[in-house]
Amino acid sequence: MSQLSFEFPDGSVKQFDDGVTSQDIAKSIAISLAKKAVAGKIDDKLVNYTEPLHKGGKIEIVTSDSKDGLNVLRQTAAEILKMAIVSDFKNIHFGESEADEDGFFVDTDKPEEQISVDQLDSLSKTMAGIIKKDLPISVEELSDADAEKLVGDDPYQRELIKAKSVDGKVKFYKIGDFQSIVEGAVLPSTGKVKIYKLLSVAGAYWQGKSSNPMLQRLYATAFFKKADLDEDLKKRQEARERDHRVIGNQLDLFFVDPKAGAGLPYWMPNGATIRRTIERYIIDREIANGYQHVYTPVLANLDMYKTSGHWAHYRDDMFPPMDMGDGEMLELRPMNCPSHIEIYNRHIRSYRELPLRIAELGMMHRYEKSGALSGLQRVREMTLNDGHTFVALDQIQDEFQRILKLMMSVYHDFDINDYTFRLSYRDPKNTQKYFDDDEMWNRAQSMLKGAMDQLGLKYTEAEGEAAFYGPKLDVQTKTALGNEETLSTIQLDFMLPERFDLHYIGEDGKQHRPVMIHRGIVSTMERFVAYLTEIYKGAFPTWLAPHQVKIIPVSQDKHGDYAKKINDQLRALNIRSEVDERAEKMGYLIRDAQTHKIPYTLVVGDDELNNNSLSVRKYGQKDTVSKSVPEFIDEISKDIASYSREDNK
RNA sequence: GCAGUCUUAGCUCAGUAGGUAGAGCGUUUCCAUGGUAAGGAAAAGGUCCCGGGUUCAAAUCCCGGAGUCUGCACCA
């Protein structure tokens with residue numbers, strides 16, 4: 001019998017007989033390892049635990065406490081779910097199934113009628129039956145021809161065979177008389193899957209293309225331990241409570257009235273206060289960083305967007321133009337760039353003025369697809385913290401880094417830490433979506449990459465995510481519900497200066513073409529407030545909190561005047577304070593202040609009145625501290641000035 | 001936009017053998033004047049999303065539309 005050579009993670013190499021399984025190998029190392037092992041991983045590819053191996057390589061034993069182990073479990077659960085679906089529904093087709101850190105899903109297609117949420121319970125019971133039988137799961141390789149025969153006329157499976165075939169062969173898993181194409185590994189038998197939960201059903205396009213048929217996607221999750229599932233479900237529940245739409249309602253920050261207009265948010269005083277505070281902050285930061293703030297109209301002649309290319313490339317996302325009846329067409333702007341170009345073009349510009357930084361909290365309108373709208377995260381009217389800097393070619397790198405530095409400093413003040421960088425390129429397979437100039441794209445993309453590499457920052461690269469006029473650096477964050485979204489963006493643009501024939505007078509006295517950098521630091525006011533609401537869970541740091549101080553008199557009659565006196569002092573210092581004058585018990589008012597997550601609650605009664613002091617309770621804390629009025633003013637002033645961050649003091 | 005789900009008071013939600021509506025919270029008023037997370041009572045508040053149909057009768061059944069939510073697609 002021939003020998004196979006395996007290299008272990010620690011670098012050691014051992015020989016095993018041909019046909020050895022990952023299980024045999026695990027046992028040869030340690031019984032304790034074999035006990036928690038669920039699969040093998042050869043040269044970074046998962047293989048079943050009991051699958052005979054015929055090729056050596058780098059081996060890793062996958063255990064149940066690893067990410068890969070969980071993945072194998074979920075892949076197995078997905079197969080069991082498919083078996084349950086086959087047994088409960090006749091004539092059903094499967095699209096793809098996948099396991100990831102959030103759980104797993106199975107795509108199904110049933111002619112005429114679809115699987116609905118009501119059927120998840122009974123499917124779950126069918127799964128339990130399959131698990132109870134503890135059916136063994138085996139692997140077999142079929143030739144493409146045999147595989148096609150097996151799947152019959154199932155259109156999705158036929159395409160999957162094509163996609164997954166290696167050297168004319170496709171791997172199938174066999175459970176009882178159920179057979180299924182799988183990538184990766186599964187557990188040796190169905191009985192190994194004990195803890196699972198079917199979660200939801202939603203539509204998903206076959207292969208992710210909107211031109212393809214829509215399948216029903218069943219979402220579910222599985223764990224090795226019940227406690228892990230419970231924790232996961234608790235997390236999902238917490239995510240729902242963290243959702244800015246829920247908190248926005250509780251704290252009366254904003255609302256969207258479908259009757260008044262979908263995707264058109266109204267800012268209530270509380271939300272407006274947060275927004276105004278952010279706006280003042282970012283304008284100050286930008287002015288300190290050399291930006292010139294402007295105001296430009298939300299409406300412009302359609303010709304402007306024909307020149308810019310928006311009309312040609314972005315029309316689907318724009319509101320239809322308004323025909324004024326005399327030949328004039330007005331358009332609600334979807335972006336601010338052309339407006340800032342107008343500002344640039346107002347004067348002849350010298351090289352001495354560059355980089356020229358124009359900024360605006362620019363309101364824009366985009367006709368987002370109805371299904372994309374979501375609270376403040378995706379809206380049809382938004383105000384972008386927009387900025388355009390006009391630079392000479394050799395200033396791109398410096399300016400890019402300068403913007404990045406400002407961005408990270410702003411993030412620090414808001415305590416934003418959980419984000420990744422993404423370089424977004426055009427889709428090379430679908431170039432007509434973009435401004436057509438290969439050289440421009442290649443140059444701009446490599447410049448961005450070069451700048452990031454020079455700074456030594458980690459990033460991912462994504463084709464097809466660019467703006468139509470140029471590539472960009474996106475800062476990606478996650479919403480409470482786990483969906484990825486872009487917060488900040490820096491975009492390189494050689495196109496608009498060309499189209500609007502921009503120039504500046506160089507040192508040589510001749511005209512030169514500037515380059516534009518589009519950038520948004522704190523995103524749109526809508527998305528940014530949504531994001532902050534979720535990361536703070538509604539407990540805004542003092543400088544942002546709509547109400548910073550609530551003063552509660554023990555007795556309105558006896559202590560109301562003292563409370564008002566303190567309130568006046570605080571307000572004179574621009575501290576957002578009010579007295580709760582409702583004729584309720586003190587305990588009720590304190591509870592109310594806490595549920596509204598107000599940073600400071602001040603209780604004043606006889607003791608405070610006599611000592612000219614305050615009983616200070618910070619949000620989320622049970623204990624109270626007695627302070628003199630000047631002491632408290634000093635504390636809260638420092639809190640606000642430091643953006644409530646210890647390291648800013 | 002697409003698939004499914006849902007739409008009842010300001011908010012969260014009850015309300016199916018079709019018979020013109022309820023609770024809790026909130027709001028207002030009155031009583032209670034209190035020491036760190038809910039004192040008591042009363043009142044006000046509803047085109048049951050919109051339009052059509054079936055029916056003696058529709059919140060409830062049917063059709064169409066709009067919107068919500070979950071997801072996909074699209075994107076700040």
Side-chain angles (χ1 to χ4, degrees), chain A residues 105 107-109 113-119 199-219 240 243 245-246 249-250 252 255-263 314 316-317 334-335 364 366-379 382-386 424 464-465 467 472 474-475 477 481-489 491 518 520 522-528 530-531 552-560 582-595 601-608 615-617 621-624:
Chain A
F105 66 76
D107 284 353
T108 66
D109 185 32
E113 169 205 3
Q114 304 284 17
I115 295 179
S116 80
V117 265
D118 305 334
Q119 288 152 329
L199 298 167
S200 61
V201 182
Y205 294 108
W206 166 238
Q207 292 179 326
K209 279 194 206 130
S210 56
S211 52
N212 281 346
M214 180 156 274
L215 312 181
Q216 292 303 110
R217 178 168 291 180
L218 275 64
Y219 286 92
R240 282 192 284 273
D243 191 319
R245 289 165 298 185
V246 174
N249 218 357
Q250 285 164 352
D252 207 18
F255 68 90
V256 181
D257 181 359
K259 287 183 202 106
Y314 204 73
D316 288 350
D317 294 290
M335 294 185 191
M364 15 187 241
R366 299 183 183 176
Y367 189 75
E368 297 291 338
K369 305 253 186 345
S370 60
L373 301 175
S374 178
L376 289 180
Q377 266 149 8
R378 277 294 279 283
V379 292
M382 68 218 87
T383 299
L384 182 65
N385 163 228
D386 211 352
S424 299
E465 296 290 345
K472 48 182 185 160
D474 289 325
V475 180
T477 54
L481 294 187
N483 299 315
E484 202 177 316
E485 69 178 4
T486 303
L487 207 57
S488 305
T489 182
Q491 312 177 350
H518 309 236
V522 292
S523 185
T524 61
M525 292 306 117
E526 289 75 14
R527 179 168 290 184
F528 198 62
Y531 179 73
I552 298 174
V554 173
S555 157
Q556 297 290 352
D557 291 345
K558 284 196 244 163
H559 317 115
R582 288 177 295 178
E584 294 287 348
K585 286 215 156 148
M586 200 191 84
Y588 176 89
L589 298 180
I590 287 167
R591 178 175 192 275
D592 196 64
Q594 292 296 306
T595 54
T601 304
L602 309 180
V603 174
V604 294
D606 285 341
D607 294 350
E608 287 74 20
S615 170
V616 182
R617 175 171 174 157
Q621 294 178 6
K622 273 242 147 63
D623 53 323
T624 61

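Just so it is clear: chains get the letters A, B, ... in the order the sequence lines come, proteins before strands, and each one is counted from 1.
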Exercise for the section: Check whether any side-chain nitrogen or oxygen of A:Arg582 sits under 4.0 Å from OP1 or OP2 of B:rU27, and answer yes or no. Expected result: yes
Handout entry: Contact nearer the 5' end of RNA chain B, comparing A:Met382 with A:Ile590
Key = A:Ile590
Exercise for the section: Report yes if a side-chain nitrogen or oxygen of A:Ser370 is closer than 4.0 Å to either non-bridging phosphate oxygen (OP1 or OP2) of B:rG1; otherwise report no. Expected result: yes
Problem - A:Tyr588 vs B:rG26: side-chain N/O to OP1/OP2 distance below 4.0 Å - result: yes
Handout entry: Donor-acceptor pair (no angle test) under 3.5 Å: A:Tyr205 side chain, B:rG1 base
Key = yes
Practice task
Have a look at A:Asp607 and say if it touches a base, only the backbone sugar-phosphate, or nothing, with a 4.0 Å heavy-atom cut-off.
Solution key: base
Problem - Side-chain donor/acceptor contact of A:Glu584 with base of B:rA32 under 3.5 Å - result: no
Exercise for the section: Just call it for A:Phe105: base, sugar-phosphate, or nothing, with non-hydrogen atoms closer than 4.0 Å on any strand. Expected result: nothing
Practice task
For B:rU12, take OP1 and OP2 only and decide whether either is under 4.0 Å from a side-chain N or O of A:Asn249.
Solution key: yes
Practice task
Assign A:Leu199 to base, sugar-phosphate, or nothing according to its heavy-atom contacts below 4.0 angstrom with the strands shown.
Solution key: nothing
Exercise for the section: Could you tell me whether A:Ala202 contacts a base, only the sugar-phosphate backbone, or nothing, with contacts defined as non-hydrogen atoms closer than 4.0 Å? Expected result: base
Practice task
Pick base, sugar-phosphate or nothing for A:Arg245, based on heavy-atom distances below 4.0 Å to the nucleic acid.
Solution key: sugar-phosphate
Practice task
Looking at every strand, decide which applies to A:Asp557 at a 4.0 Å heavy-atom threshold: base, sugar-phosphate, or nothing.
Solution key: base
Handout entry: Inter-residue atom distance A:Gln377.CD - A:Glu526.CD, 0.5 Å rounding
Key = 12.0 Å
Completion exercise
B:rG71 -> Watson-Crick or G-U wobble partner, both distances under 3.5 Å, gives B:rC2
Practice task
Look at all strands and tell whether A:Ala583 reaches a base, only sugar-phosphate, or nothing, counting heavy atoms closer than 4.0 Å.
Solution key: base
Exercise for the section: Identify whether any heavy atom of A:Glu485 sits under 4.0 Å from a base atom; if not, whether one sits that close to sugar-phosphate; answer base, sugar-phosphate or nothing. Expected result: nothing
Handout entry: Candidate list A:Val616, A:Thr624, A:Val554, test side-chain contact (heavy atoms from CB on, under 4.5 Å), partner A:Val603, passing option
Key = A:Val554
Exercise for the section: Would you tell me if any nitrogen or oxygen in the side chain of A:Arg591 comes within less than 4.0 Å of OP1 or OP2 on B:rU36? Expected result: no
Practice task
Could you check whether A:Arg217 gets within reach of a base, just the sugar-phosphate, or nothing at all, counting any heavy atom under 4.0 Å?
Solution key: sugar-phosphate
Practice task
For B:rC75, take OP1 and OP2 only and decide whether either is under 4.0 Å from a side-chain N or O of A:Arg527.
Solution key: no
Exercise for the section: With rounding to the nearest 0.5 Å, note down the distance linking NZ in A:Lys472 to OG in A:Ser488. Expected result: 11.5 Å
Fill in the blank from the handout: Note: for A:Gln491 and A:Lys622 on RNA chain B, the residue whose nearest nucleotide lies more 5' is A:Lys622
Exercise for the section: Quick one: label A:Glu608 by what it contacts on the DNA or RNA (base, sugar-phosphate, nothing), any heavy atom closer than 4.0 Å. Expected result: base
Practice task
Kindly say if A:Lys585 contacts the phosphate of B:rA37, meaning a side-chain N or O under 4.0 Å from OP1 or OP2.
Solution key: no
Practice task
For the side chain of A:Arg617, starting at C-beta, report the closest nucleotide among B:rA73, B:rA37, B:rG71.
Solution key: B:rA37
Practice task
Test for a donor-acceptor pair under 3.5 Å between the base of B:rC74 and the side chain of A:Arg366, counting only N and O atoms.
Solution key: no
